[in-house]
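Values in this document were obtained by computation on a predicted structure and should not be read as measured data. As the structure lists them, so they are numbered: ligands from 1, and atoms in each ligand from 1.
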Amino acid sequence: MEYITNSPNETKKVAEEIIKDIISRQKKGPIFVGLVGELGAGKTTFMKGVAEFFEVQETILSPTFVIQKIYEITEENRHKENHEFKRLVHMDLYRLEDEKSLEAIKWEDYKNDNSNILFVEWPNQIWENAPAGMIEIKIEHGEGDERKIIY
Ligand code: ADP
Ligand code: MG
């Protein structure tokens, strides 16, 4: 699927649409989504839309310096949206050097936990090819505020 957006808000709406589609196919974790795109493409903006869908109250910031951020998903949201995810995990691998450094951030634990829905910015920093099981979302920068989102 391809979507064209012309503002951050439109990108957030597309994110909500995509997340709805993902969880309609799989209501339980682990789910691992890779967000691919250049700096400023809109990966973190997309995450803000995902966080709105899961009614995360905290402000979503780019986790470039902390590598990962974990947001709790409420029971109410699980009922309302009909899924079983307890945590939204947002990672940014931009600063990691190689696959080995994933151990330090307990990557396997996060990835294999069936309470988690995991979004990873810059997966291509670590993996040349999309790893097995990764749902890839690619954001391409167009003219001005135009972005193409490929799901
Ligand atoms: P990334 O995480 O990919 O580096 P960000 O989401 O942090 O990107 O930043 C995207 C920037 O582009 C923001 O400043 C946002 O306001 C701007 N922007 C302009 N148009 C769009 C759009 N259509 N979709 C997403 N972001 C947009
Ligand atoms: Mg970002």
Would you call the rings of H83 and F53 parallel, tilted or perpendicular if under 30° counts as parallel and over 60° as perpendicular? tilted

Would you say T44 has any N or O atom under 3.5 Å from an N or O of ligand 1, going by distance alone? yes

Any N or O of G40 closer than 3.5 Å to N or O of ligand 1: yes

Could you check atom 23 (N) of ligand 1 against the protein and tell me its nearest heavy-atom contact, residue, atom and distance included? D145 O, 2.8 Å

Any donor-acceptor N or O pair under 3.5 Å, side chains T74, E55: no

With a heavy-atom distance limit of 4.0 Å, tell me whether N6 approaches ligand 1 through its side chain, its backbone, both, or neither. backbone

Testing F119, W107, F32 one by one against M91 for a side chain to side chain contact (heavy atoms under 4.5 Å, CB included), which residue passes? W107

Note: T11, heavy atoms under 4.0 Å from ligand 1, region reported as side chain

Can you list the ligand 1 atoms lying under 4.0 Å from a non-hydrogen atom of L39? 4 (O)

If we number the atoms of ligand 1 from 1 as shown, the ones under 4.0 Å from a heavy atom of T5 are 22 (C), 23 (N), 24 (N)

How far is atom 15 (C) of ligand 1 from the closest protein heavy atom, and which atom is that? P8 CG, 3.8 Å

Contact between ligand 1 and E38 is defined here as a heavy atom of the residue under 4.0 Å from a ligand atom; is it met? yes

Heavy-atom distances under 4.0 Å decide this one: backbone, side chain, both or neither, for S7 against ligand 1? backbone

N77 side chain to E81 side chain, donor-acceptor N/O pair below 3.5 angstrom: no

Nearest non-hydrogen protein atom to atom 13 (C) of ligand 1, with distance, is T45 OG1, 4.3 Å

So, applying side-chain hydrogen bond (donor to acceptor under 3.5 Å, both in side chains) with H90, which one of Q68, E121, K69, K43 is it? E121

How far is atom 12 (O) of ligand 1 from its nearest protein heavy atom, and which residue and atom name does that atom have? R147 NH2, 3.1 Å

Within the supplied structure, the quantity of interest is the number of heavy atoms (other residues, nucleotides, ligands) at a distance under 6.0 Å from Y94 OH; does it exceed 12? no

Of the backbone atoms (N, CA, C, O) and the side-chain heavy atoms from C-beta on, which set of E121 has a member under 4.0 Å from an atom of ligand 1: side chain, backbone, both, or neither? side chain

Given Y71, which of V50, I60, I117, V89 fulfils the side chain to side chain contact (heavy atoms under 4.5 Å, CB included) condition? I60

So, regarding G42 and ligand 1 (criterion: nitrogen or oxygen to nitrogen or oxygen, under 3.5 Å), is there a contact or not? yes

Looking at K28, R87, K86, which hits salt bridge (charged side-chain N to carboxylate O under 4.0 Å, His left out) with D113? R87

Considering non-hydrogen atoms only, spot the tightest contact between D92 and S62 and give its length. OD2-OG, 3.6 Å

Does the pair E75/R78 count as a salt bridge with the N-to-O cut at 4.0 Å? yes

How wide is the angle at the Mg ion (ligand 2) between OG1 of T44 and OE1 of E121, to the nearest 10°? 90°

